[in-house]
Amino acid sequence: MKKALILILIGIAFFSCSNDDDNGNQNNCDFKTIINKNQYETAPSDPLGINSLEINDNCLKINFSSSGCGGETWEIKLIDSEDIMESNPPQRNLRLSLKNEEVCLAIVTKELTFDISNLQVGGNRVQLNITNSEETILYEY
């Protein structure tokens, strides 16, 4: 009886220790950053205003606003252009893409995080230029 109880407890402990999460994202960010030149150029670009940028570990937190009813139907992506500009530090261009089909006059503000670990280049830092906000932020890793 004791052996069966021990086996059950080991089984519960084994199955409760899972590394899976909803996005397959190891950094607990809301979304992954996409690196795709075509999407960078062609993804939706509905109007938005970026209020602030902040990096915590490998997550870029973006606070932004746009018109809408509540933002529940928005499609949001952070897309890198694939280009790495050789400077000190190196630079990458990103764009926050918003597809917004909500027809309301309210201003909705959201704060989302994006895993930027795939943007690392040689060295230990890269300047991230958010092209549709005219803001830059230094990512050190």
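Side chains included, hydrogens not; waters and symmetry mates left out as well; all remaining heavy atoms used.
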Take Glu101 and Lys99 through the salt bridge (charged side-chain N to carboxylate O under 4.0 Å, His left out) test and state the conclusion after the steps. CA-CA 7 Å; Glu101 297 179 345; Lys99 181 177 180 183; 3.8 Å; yes

Closest heavy-atom contact between Cys29 and Asn58? SG-O, 4.0 Å

Beyond-backbone contact of Asn51 with Ser65, side-chain heavy atoms, under 4.5 angstrom: yes

Keeping to residues at least two apart or across chains, list the salt bridge (Lys or Arg N to Asp or Glu O under 4.0 Å) pairs with something in residues 125-136. none

With sequence neighbours left out, which residue pairs that include part of residues 106-138 fulfil the disulfide (SG to SG under 2.5 Å) condition? none

With a 4.5 Å cut-off on side-chain heavy-atom distances among I, L, V, M, F, W and Y, is there a chain of contacts connecting Ile79 to Ile76? no

Around Ile107, counting heavy atoms of other residues, nucleotides and ligands shown, do more than 12 lie under 6.0 Å from its CD1? yes

I need the full list of disulfide (SG to SG under 2.5 Å) pairs touching residues 77-141, with sequence neighbours left out, sorted by first then second residue. Cys69-Cys104

What one should report as the nearest heavy-atom pair of Thr113 and Cys59 is CB-CB, 4.2 Å

Does a side-chain heavy-atom distance below 4.5 Å link Glu75 with Leu98? no

So, is the end of the Lys110 side chain (NZ or CZ) under 6.0 Å from the ring centre of Trp74 and within 45° of the ring's axis? yes

Step by step, would you call Leu112 with Phe31 a side chain to side chain contact (heavy atoms under 4.5 Å, CB included)? CA-CA 8 Å; Leu112 299 173; Phe31 300 98; 3.7 Å; yes

Distance alone, cut at 3.5 Å: any donor-acceptor contact between the side chains of Gln91 and Asn93? no

Report the C-alpha distance between Lys61 and Leu53 in whole Å, list the side-chain angles of each, state the deciding distance to 0.1 Å, and finish with yes or no for side chain to side chain contact (heavy atoms under 4.5 Å, CB included). CA-CA 6 Å; Lys61 181 171 33 174; Leu53 302 170; over 6 Å; no

With a cut-off of 6.0 Å (strictly less than), are more than 12 heavy atoms of other residues, nucleotides or ligands near CG of Asn118? yes

When rounded to the nearest 0.5 Å, the distance separating OG of Ser81 from CD1 of Ile34 is 13.0 Å

For the side-chain contact (heavy atoms from CB on, under 4.5 Å) test, which of Asp30, Leu96, Leu119 pairs with Phe114? Leu96

Test: salt bridge (Lys or Arg N to Asp or Glu O under 4.0 Å). Region: residues 78-89. Which pairs qualify, not counting sequence neighbours? Lys37-Asp83, Asp80-Arg92

Where is the tightest heavy-atom contact between Ser97 and Ala43, given as atom of each residue plus distance? OG-CB, 3.4 Å

As a test of understanding, state which of Thr136, Thr131, Ile130 forms a side-chain contact (heavy atoms from CB on, under 4.5 Å) with Ser133. Ile130

NZ of Lys32 to CG of Asp115, rounded to nearest 0.5 Å, is 7.0 Å

Is a side-chain donor-acceptor pair under 3.5 Å present for Asp46 with Asn100? no

Separation between CG (Asn63) and OG1 (Thr109), nearest 0.5 Å, reads 6.0 Å

Report the distance from atom CD of Glu102 to atom OG of Ser67, rounding to the nearest 0.5 Å. 8.5 Å

Check step by step if side-chain hydrogen bond (donor to acceptor under 3.5 Å, both in side chains) holds for Gln120 and Tyr139. CA-CA 8 Å; Gln120 295 179 4; Tyr139 173 35; 2.9 Å; yes

From the options Thr33, Leu94, Ile137, select the one residue that forms a side-chain contact (heavy atoms from CB on, under 4.5 Å) with Leu60. Ile137

Once ring-ring contact (aromatic ring centres under 6.0 Å, His included) is applied, what residue pairs with a partner in residues 81-108 remain, sequence neighbours excluded? none

Going by the rule ring-ring contact (aromatic ring centres under 6.0 Å, His included), which residues pair with Tyr40 if we only count those two or more places apart in sequence or in a different chain? none

CG of Asn124 to OH of Tyr141, rounded to nearest 0.5 Å, is 7.0 Å

